[in-house]
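Read the structure below first, then the notes.
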Amino acid sequence: MTARTLQGFMELLPQEQIVFNHMKDVIAHTYELFGFAPLDTPVLELAEVLLSKSGGETEKQIYAFKKGDTDLAMRFDLTVPLAKYIALYNNELTFPFKRYQIGKVYRGERPQKGRFREFYQCDIDIIDRDELNIVYDAEVLAVIYTVFSKLELPAFKIYINNRKLLSGFLEYLGIADKTVDVLRLVDKIKKIPEEAFLAELADLGLADKARDGLLEFIKINGTNEQIIAKLEDFNIGDGLFAEGLEELKTVVAQAQNLGLPAANIQIDLSITRGLDYYTGTVYETFFDEYPQFGSVCSGGRYDNLSSVFTDKKFPGVGISIGLTRLFDQLRANNLLPIKTLTPNKALIITQDAAFTEAAVALASKLRAQNIAVDVMYRQCKFKKKMEYANKIGVPYLVIIGEEEAKTKLYSLKDMASGEQKSLDAAALADVLLG
RNA sequence: GCGGAUUUAGCUCAGUUGGUUAGAGCGCUGGUUUGUGGUACCAGAUGUCGUGAGUUCGAGUCUCAUAAUCCGCCCCA
């Protein structure tokens with residue numbers, strides 16, 4: 001029997017897991033800072049619930065199985081479970097409802113770089129009844145900006161767009177019926193050459209004029225202000241396009257109002273997002289220097305979250321950090337925000353077994369003051385104990401031997417500097433707390 | 001689902017036109033007189049060469065099959 005782990009499932013060594021958890025904690029704390037309440041839903045749901053809104057792709061990727069006569073499936077995102085949750089409990093919830101959820105989701109796809117079969121999504125969503133204020137679309141930007149800043153990651157940009165712009169533009173061109181196919185193609189514009197793009201548009205049956213217009217539209221670039229000015233120049237009139245432009249202007253203005261640097265928010269008219277439930281603002285996040293990581297945080301606004309479960313209308317806006325991908329890519333490029341390698345602040349070692357009692361007593365005293373400490377009971381050469389301390393990366397070492405046990409003055413060694421002091425329990429705690 | 005590549009020590013890899021006992025670096029274990037680590041030096045262990053078959057006097061090396069892994073496409077965090 002060979003021990004192995006399924007492909008597409010991430011398993012970490014302790015020192016990596018500590019960094020991963022640190023990132024997860026920063027994300028959760030930041031979400032709460034913005035008033036989002038925690039939510040946890042089951043990993044398993046009835047297959048019919050998860051597949052209720054799916055297109056062909058999710059059905060292909062979802063893990064589904066039968067237990068007895070019941071068709072079950074593992075959640076492939078956190079949005080569909082949220083839609084179910086809202087439909088179930090909306091009478092007991094207070095709106096606008098802000099929740100965050102951090103959990104594993106499952107997709108049975110071909111794992112490749114940055115793609116996993118089991119991965120963490122860190123979601124926030126704001127849901128309201130009937131109408132959801134557009135300022136929330138900007139607040140979502142502020143949350144993501146704050147998370148990435150706190151994680152001390154490389155320079156990043158959140159790219160935003162509004163689906164109504166492109167849909168309205170297609171409406172104007174008289175090709176609204178092709179919207180879904182065109183959106184899919186627009187999403188690929190950065191990956192394929194311009195000629196291929198135009199050729200595929202032609203395959204969709206678009207006239208030359210429409211194709212040129214579309215290309216010109218997508219290629220609009222510049223600062224956010226410049227892009228907005230150019231969009232206004234289109235002068236398409238009322239309708240979806242005007243609505244989208246108005247929303248986009250508000251989001252940009254409010255983002256500025258929330259104090260987000262212009263360098264981190266960029267309008268990009270080619271961002272469309274594949275999922276077809278988005279109806280307004282859409283987001284994708286890339287690192288400036290590492291575009292190959294892919295989007296590490298994406299989302300958008302949807303008009304009617306729970307439409308398959310209820311007739312009530314619940315518009316929402318949300319975004320999700322793909323923590324597993326983010327971590328994996330950062331690790332591969334030596335960019336992990338490493339704070340500490342062990343949960344312990346100090347390791348207590350003894351000269352020999354005779355001092356175990358003293359070590360345990362000291363450990364208890366320190367733990368009572370909320371200081372994480374570990375005691376090494378294994379007896380071996382002193383040098384080995386040092387090596388152990390060194391390898392686990394503990395910042396301080398406490399040494400208890402004959403002298404220390406007698407005087408109650410413990411030797412505290414700073415592992416980084418090598419400096420060593422004799423301190424009583426109280427003074428030692430002060431150093432470890434500081 | 002379609003296409004391409006890879007597979008040799010725990011990890012990253014080298015291994016000539018097929019030749020006898022399969023290598024390096026890192027890591028690991030031990031040591032350099034046992035209460036002081038990270039550096040250095042010394043010593044050591046570890047492989048069914050992915051698996052199965054074939055060609056050959058002889059296969060890590062050539063052929064075929066199979067599996068696993070990786071990379072594109074599709075889709076997506």
Side-chain angles (χ1 to χ4, degrees), chain A residues 2-10 13 27 54-62 75-79 102-123 144 183-185 187-188 191-192 196 271-276 278 282-287 292-300 318-330 332 341 347 349-352 354-355 376 379-405 410-420 422:
Chain A
T2 316
R4 47 192 210 125
T5 301
L6 289 170
Q7 64 168 168
F9 288 72
M10 188 166 84
L13 292 171
I27 293 168
S54 78
E57 281 305 320
T58 42
E59 198 150 349
K60 264 192 264 172
Q61 296 189 348
I62 201 164
R75 62 186 182 199
F76 61 92
D77 73 5
L78 300 176
T79 307
I102 297 175
K104 286 175 174 177
V105 301
Y106 300 83
R107 294 184 194 174
E109 65 177 340
R110 267 275 111 71
Q112 283 169 23
K113 188 186 292 187
R115 307 175 61 164
F116 292 85
R117 288 181 163 178
E118 177 190 68
F119 59 97
Y120 273 91
Q121 284 198 327
C122 309
D123 276 38
I144 298 309
L183 283 181
R184 180 155 299 141
L185 213 48
D187 199 40
K188 293 202 300 195
K191 282 187 181 173
I192 61 176
I271 301 281
T272 67
R273 312 277 307 116
L275 293 169
D276 39 39
Y278 293 121
V282 285
Y283 315 88
E284 286 197 346
T285 311
F286 291 88
F287 290 108
Q292 72 276 17
F293 285 13
S295 177
V296 290
C297 175
S298 313
I319 199 163
S320 177
I321 299 176
L323 181 55
T324 302
R325 164 183 292 184
L326 177 61
F327 179 89
D328 184 60
Q329 304 273 45
L330 290 172
L341 300 172
L347 174 73
I349 63 172
T350 54
Q351 189 189 346
D352 62 56
F355 307 103
M376 187 178 186
Q379 291 302 334
C380 50
K381 284 189 178 174
F382 198 83
K383 184 176 171 139
K384 292 286 158 213
K385 296 173 186 167
M386 291 291 299
E387 260 172 28
Y388 175 75
N390 203 43
K391 274 187 189 165
I392 62 170
V394 73
Y396 289 96
L397 186 64
V398 179
I399 302 161
I400 303 182
E402 217 160 313
E403 194 62 27
E404 288 88 349
Y410 307 100
S411 298
L412 180 71
K413 185 182 181 77
D414 181 326
M415 290 301 284
S417 66
E419 212 177 299
Q420 197 165 317
S422 280

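Side-chain atoms of A:Lys384 lie closest to B:G30 of the nucleotides B:G35, B:A77, B:G30.
Here A:Arg117 pairs with nothing under the salt bridge (Lys or Arg N to Asp or Glu O under 4.0 Å) rule; sequence neighbours left out. Here A:Phe327 pairs with A:Phe20 under the ring-ring contact (aromatic ring centres under 6.0 Å, His included) rule; sequence neighbours left out. The side-chain hydrogen bond (donor to acceptor under 3.5 Å, both in side chains) test applied to A:Tyr388 returns no partner, not counting sequence neighbours. Every residue two or more places apart in sequence or in another chain that forms a side-chain hydrogen bond (donor to acceptor under 3.5 Å, both in side chains) with A:Lys385 is listed here: A:Gln379. The salt bridge (Lys or Arg N to Asp or Glu O under 4.0 Å) check on A:Glu402 picks up nothing, with sequence neighbours excluded.
Sorted by first and then second residue, the side-chain hydrogen bond (donor to acceptor under 3.5 Å, both in side chains) pairs with a member in residues 411-420 of chain A read A:Glu404-A:Ser411; sequence neighbours excluded.
Relative orientation of the A:Phe9 and A:Tyr106 rings is tilted, given thresholds of 30° and 60° on the angle between their planes.
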Hey, what are the protein-to-nucleotides 37-40 of chain B N/O distances that come in under 3.5 Å?
{"residue": "B:G37", "atom": "O2'", "partner": "A:Asn390", "partner atom": "ND2", "Å": "3.3"}
{"residue": "B:G37", "atom": "N1", "partner": "A:Met415", "partner atom": "O", "Å": "2.5"}
{"residue": "B:G37", "atom": "N2", "partner": "A:Asn390", "partner atom": "OD1", "Å": "2.6"}
{"residue": "B:G37", "atom": "N2", "partner": "A:Met415", "partner atom": "O", "Å": "2.9"}
{"residue": "B:G37", "atom": "N3", "partner": "A:Asn390", "partner atom": "OD1", "Å": "3.1"}
{"residue": "B:G38", "atom": "O4'", "partner": "A:Asn390", "partner atom": "ND2", "Å": "2.9"}
{"residue": "B:G38", "atom": "N2", "partner": "A:Met415", "partner atom": "O", "Å": "3.3"}
{"residue": "B:G38", "atom": "N2", "partner": "A:Ala416", "partner atom": "O", "Å": "3.3"}

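Look at CD on A:Glu284: it is 8 Å from P on B:A77, rounded to the nearest Å. Note: CZ (A:Arg115) to P (B:A77) measures 10 Å, nearest angstrom.
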I'd like a table of donor-acceptor pairs (distance under 3.5 Å, sequence neighbours excluded) in which one partner is a side-chain atom from residues 392-401 of chain A, with atom names and distances.
none

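Comparing B:G54 with B:G18, their C1' atoms sit 15 Å apart, to the nearest whole Å.
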Represent RNA chain B in dot-bracket notation, 5' to 3'. Only Watson-Crick or G-U wobble pairs with both distances under 3.5 Å count; pseudoknot-style crossings use [ ] and interstrand partners use |. (((((((..((((.....[...)))).(((((.......))))).....(((((..]....))))))))))))....
